[in-house]
Amino acid sequence: MTELSKRIVEAVLMSLGESFEQKFYDSEFRNCHGYLRIINYTPPKSVTQEEVEGLGMHTDMSCITIVYQDQIGGLQVRSKEGKWLDINPCEETLLVNIGDLMHAWSNGKLRSSEHRVVLKRLVNRFSLAFFWCFEDEKAIYAPNEVVGEGHLRAYKPFVCADYLKFREISSTNGEKKFEKVGFTVKDFAGTSTD
Ligand SMILES: O=C(O)CCC(=O)C(=O)O
Ligand SMILES: [Fe+2]
């Protein structure tokens, strides 16, 4: 997974600018680390509504997240226009989400994916999510070349661990957030109020 994450980050950097993977991989992403979350969703015994919340709407606190979901499906990603799109399970296919850390580092050029899990069937669902993150002590500051001439800086510099702490403290503690994303890096370090 480590090797795959590195390759994906390099590809993502290439998408931001010519030779950006050579310019920025070693200096910025060399000390990234990952952790794997194994999630088992047990549905309620009976449901009255069509869709049951499996995992509330959120953004990931990672640079990228690699997700495997089983054949049950249920993962949804929100489009820029606010429409929920089903990510249908596909054999031997992994999904990559951009997370908040990459969002801030890229000055918002790469959008942190807003996603959730809905349980549409009364069966167990299983997924694996591998979070690839900056080291805790890293100061996240979009390089000038990434921001680009004539563009405003959308995020103040911040230390990774401080953002993780902020999310922990401001998490909604079980409150329903199916339709609300909760706090993100915009609330923590955004320079504008929109
Ligand atoms: O279970 C899934 O498909 C997604 C899990 C997820 O988004 C997360 O753990 O952050
Ligand atoms: Fe997630």
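Just so you know, ligand 1 is whichever comes first in the structure, and atom 1 is the first atom listed for that ligand. Start at 1 with the first residue, then count along the sequence.
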For residues 87-99, which side-chain N or O atoms pair as donor and acceptor with protein atoms under 3.5 Å away, sequence neighbours left out?
unit_1: Thr93; atom_1: OG1; unit_2: Cys90; atom_2: O; d: 3.4
unit_1: Thr93; atom_1: OG1; unit_2: Glu91; atom_2: O; d: 3.1
unit_1: Asn97; atom_1: OD1; unit_2: Ser113; atom_2: OG; d: 2.9

Discussion item. Suppose we screen for ring-ring contact (aromatic ring centres under 6.0 Å, His included). Which residues come up paired with Tyr68, at least two apart in sequence or across chains?
Written reply: none
Discussion item. What I want to check is whether the side chains of Asp100 and Thr59 have a donor and an acceptor closer together than 3.5 Å.
Written reply: yes
Worksheet item: Would the number of heavy atoms belonging to other residues, nucleotides or ligands and lying under 6.0 Å from CG of Leu152 be above 12?
Response: no
Response to the item:
Using heavy atoms and a strict 4.0 Å limit, residues surrounding ligand 1 turn out to be Arg37, Ile39, Tyr41, Leu55, His58, Asp60, Val67, Leu75, His115, Val117, Arg125, Ser127, Phe131
Discussion item. I'd like to know whether CZ of Arg111 has more than 12 heavy-atom contacts from other residues, nucleotides or ligands below 6.0 angstrom.
Written reply: yes
Worksheet item: Are any side-chain N or O atoms of Arg153 and backbone N or O atoms of Ala142, one a donor and one an acceptor, separated by less than 3.5 Å?
Response: yes
Worksheet item: Do His58 and Asp60 have side-chain atoms, one donor and one acceptor, less than 3.5 Å apart?
Response: yes
Practice prompt. For the residue pair Ser62 and Thr65, confirm or rule out a side-chain donor-acceptor distance under 3.5 Å.
Written response: yes
Worksheet item: Near the Fe ion (ligand 2), which protein N/O/S atoms are found at less than 2.8 Å?
Response: His58 NE2, Asp60 OD1, His115 NE2
Worksheet item: Does Phe134 share a hydrophobic cluster with Ile8, counting links as ILVMFWY side-chain heavy atoms below 4.5 Å and allowing steps through other members?
Response: yes
